[in-house]
Amino acid sequence: MPKKNDVTKMKESLARLNERAKSTESELKRLEEKRKKVQNLIAEEERKKRTHNLCSVGGLVYKYFGDDISSEEFKEMLDFLFAIDEVQDFVTEEKEKRFLRDNPPVMIFQNENSEQNTFESTNVKTENA
């Protein structure tokens, strides 16, 4: 008879595990929906930022070249301007400045107990001996 009792306990355990699995699946589904909402909010904010940037740049184009310029005319003007060496140098320098501004240098400090310092000290002692 103990086997029947064990089977009953196992069936009860299986039922509990199935219930836990079901509730865990619904929790996972809820979290996935929340994750998608956050991803959509991020994408929306990035789109807004890009759109604002495009409008700002377009406004500057209109300001300096007039609002009746076509995209072909603007491209021709840029091609002409970028063919000038001084303009290319200026643009390259500005890109480098922006890169350095947005990516500050990383400082790496060596620990006195590091392997490299230990290796260097060992070589110095060997050379002096």
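- Rounded to the nearest 0.5 angstrom, Ser13 OG and Asn18 CG are separated by 9.5 Å.
- Every residue two or more places apart in sequence or in another chain that forms a side chain to side chain contact (heavy atoms under 4.5 Å, CB included) with Glu12 is listed here: Thr8, Arg16.
- Checked against salt bridge (Lys or Arg N to Asp or Glu O under 4.0 Å), Arg47 has no partners two or more places apart in sequence or in another chain.
- For Glu33, there are no salt bridge (Lys or Arg N to Asp or Glu O under 4.0 Å) partners two or more places apart in sequence or in a different chain.
- Here Glu94 pairs with Lys97 under the salt bridge (Lys or Arg N to Asp or Glu O under 4.0 Å) rule; sequence neighbours left out.
- Note that OG1 of Thr24 is 9.5 Å distant from CD of Glu19, once rounded to the nearest 0.5 Å.
- Through side-chain heavy atoms spaced under 4.5 Å, either directly or across other Ile, Leu, Val, Met, Phe, Trp or Tyr residues, Met107 is tied to Phe109.
- Using a 4.5 Å heavy-atom cutoff, the side chains of Met10 and Leu14 are not in contact.
- For residues 23-74, the ring-ring contact (aromatic ring centres under 6.0 Å, His included) pairs, not counting sequence neighbours, are Phe65-Phe74.
- How far CG of Leu31 is from OG of Ser26: 9.5 Å, rounded to the nearest 0.5 Å.
- Heavy atoms from other residues, nucleotides or ligands lying under 6.0 Å from CZ of Arg20 number 12 at most.
- Residues in residues 75-86 take part in these side chain to side chain donor-acceptor pair (under 3.5 Å) pairs, two or more places apart or across chains: Lys75-Asp79.
- The ring-ring contact (aromatic ring centres under 6.0 Å, His included) pairs that include a residue from residues 79-100 number zero, where partners must be two or more places apart or lie in different chains.
- Residues passing the salt bridge (Lys or Arg N to Asp or Glu O under 4.0 Å) test with Glu45, sequence neighbours excluded: Lys48.
- For Arg35, the side chain to side chain contact (heavy atoms under 4.5 Å, CB included) test picks out Glu32, Gln39, with sequence neighbours left out.
- Glu73 pairs by the side chain to side chain contact (heavy atoms under 4.5 Å, CB included) definition with Ile69, Ser70, not counting sequence neighbours.
- Remark: Ser71 engages no residue in a side chain to side chain contact (heavy atoms under 4.5 Å, CB included) (not counting sequence neighbours).
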